[in-house]
There are 2 protein chains.
Amino acid sequence: MPDTRPMRADARRNYERLLAAAVAEVARTGADASLEKIARDAGVGSATLHRHFPTRQALLEAVFHDRVEGLCAEAHELTGSAEPGRALADWLRAVAVYGATTRGLAASLLASVREPVAASDTGCEAMLTDAGGKLLRSAQDAGAVRPGVAIGDLLTMANAVSLTTEDGAEAARLVTLAIEGIHPRP
Amino acid sequence: MPDTRPMRADARRNYERLLAAAVAEVARTGADASLEKIARDAGVGSATLHRHFPTRQALLEAVFHDRVEGLCAEAHELTGSAEPGRALADWLRAVAVYGATTRGLAASLLASVREPVAASDTGCEAMLTDAGGKLLRSAQDAGAVRPGVAIGDLLTMANAVSLTTEDGAEAARLVTLAIEGIHPRP
DNA sequence: TGACAAACGGGGGACCACCCCGTTTAGTCT
DNA sequence: AGACTAAACGGGGTGGTCCCCCGTTTGTCA
């Protein structure tokens, strides 16, 4: 990547102001927060917002990037746990709960699933797929999870649950239900 | 209910025009179709649309009402099947597939779950809960489904899946996954 | 310090939901 | 049949949104 010249000072400053305003506003209003208001709160023109974040999706990715990194770190910690099946389940619950409580993450992730991004992207979806994939493989190696279950499906399920509930406890319950299935335990 | 006077002829005519236009437009554009365009296509003023359907939610409920009745009829047929567990699974898949392919139904149903409507309502959610509840009870009586599984959770799951995929085959796959769980079959 | 590219932001166009209120019209009562 | 009334209508206004154009400012580097 040849032209990775550092950002101009004012550009970086505005970028950070916008991100801070966006974090606050998205937490308050959800994923369909008003971009105009975010720009106003940040004290910049709306054109500047659109220059830094060409799409709403790009803004949401930035807003949730830190937290997604946290979830990935958690996945790395859990990899190699003594109970890999439980570790996977716990992690999926954490993903769903975070998505449910922080309104908008789920919608953001889903959008990127539908409209896949470049391969070497650092998007939220790619990060979670990598981190969760390892966790899933451990669980499958230990015989706790059927082969044929894909991490993409599990993440989609967790996101789906997030989209529906916006309530952490219910999200956890639904993910547990999906993991256990509905049949009687043998 | 004392004043259930019949609708005036022009009101009913416009109601039907609006509904027809809405069905077409929602099928084309999804749940966030433009209300203005629907009114234009119906040949009525936008105020008339808002009078007949005070909220977008109300319009969507009307749009999907027929089809939801179809799903409920299907549930009634399946009740008393020889394999109640399979019947329930089939029905949930049908709900999810319909929601996934007919863009917007899922979002519509979810909204009504979050903001519960009056008890004796004929809303989509209530109809599906009734119909599916019977199916679930049969399956539980037959020992095919754990007690403690609630119809509300299953419908929420089906809707969640609908929201994520807009692709019938994938929706069916995800619902199956949630029904079976991720653990190895004994 | 000066030149120049990069970044800025006001303002405008196109769209939207929603509502006010003067006008039309369907149903009813004599 | 004709008149009356309340219900239904819809044009147009308000305030909001997203997105982009383009003249202006500002940081950076020689």
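Within every chain, numbering begins at 1; the chains are lettered A, B, ... in the order of the sequence lines, protein sequences first and strands thereafter.
Atom P of nucleotide dA17(C) and atom CG of L59(B) are separated by 11 Å, given to the nearest angstrom. For the pair R40(B) CZ and dA17(C) C1', the interatomic distance rounds to 13 Å; values are reported in whole Å. What separates NZ of K37(A) from P of dG15(D) is a distance of 18 Å, to the nearest Å. Look at CG on L49(A): it is 11 Å from C1' on dC18(D), rounded to the nearest Å. Atom CE in M7(B) sits about 15 Å away from atom P in dA26(C), given to the nearest Å. Between the CD atom of E36(A) and the P atom of dC15(C) there is a distance of 17 Å, rounded to whole Å. Rounded to an integer number of Å, the gap from CD1 of I38(B) to P of dC18(C) is 12 Å. In this structure, F53(A) places its CZ atom 14 Å from P of dA7(C), rounding to the nearest Å.
When heavy atoms are screened at a 4.0 angstrom cut-off, A11(A) is found touching the sugar-phosphate backbone but no base atom. Residue contacts shown for R51(A) include a base, since a base heavy atom lies under 4.0 Å away. At a threshold of 4.0 angstrom between heavy atoms, the contacts of A42(A) with the nucleic acid are absent. Residue A9(B) is classed as a sugar-phosphate contact, given heavy-atom separations below 4.0 Å to backbone atoms only.
The NE2 atom of H52(B) sits 5.5 Å away from the CG atom of N14(B) when rounded to the nearest 0.5 Å. Atom-to-atom distance recorded for H76(A):NE2 and K134(A):NZ is 3.5 Å, nearest 0.5 angstrom. Considering CD1 of I151(A) and CZ of R137(A), their distance stands at 9.5 Å, rounded to 0.5 Å. Atom CG of D41(B) is separated from atom CD of E25(B) by 6.0 Å, given to the nearest 0.5 angstrom.
The side chain of R8(A) lies closest to dA5(C), out of dA5(C), dA8(D), dC16(C). Distance from the side chain of R56(A) is smallest to dC18(D) among dA8(D), dC18(D), dA6(C). Considering only the side chain of S46(A), dC20(D) comes nearest among dC16(C), dC20(D), dG10(D). Side-chain proximity of H52(A) to the nucleotides dC19(D), dA5(C), dC8(C) is greatest for dC8(C).
When the side-chain nitrogen and oxygen atoms of S34(A) are compared with OP1 and OP2 of dC18(D), one or more of them lie within a distance under 4.0 Å. Between dA8(D) and N14(B), no contact under 4.0 Å exists linking OP1 or OP2 to a side-chain N or O. Remark: H50(A) is not in phosphate contact with dC8(C), judged by side-chain N or O atoms under 4.0 Å from OP1 or OP2. When the side-chain nitrogen and oxygen atoms of T48(B) are compared with OP1 and OP2 of dA8(D), none of them lie within a distance under 4.0 Å.
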Practice task
Evaluate side chain to side chain contact (heavy atoms under 4.5 Å, CB included) for D153(B) paired with M157(B), printing each intermediate quantity in order.
Solution key: CA-CA 6 Å; D153(B) 283 353; M157(B) 190 76 74; over 6 Å; no

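For the pair R13(B) and D10(B), the salt-bridge criterion is not met [side-chain N within less than 4.0 Å of a carboxylate O].
Residue-to-nucleotide proximity on DNA chain C shows that, of P54(B) and D10(B), the 5′-proximal contact is made by P54(B).
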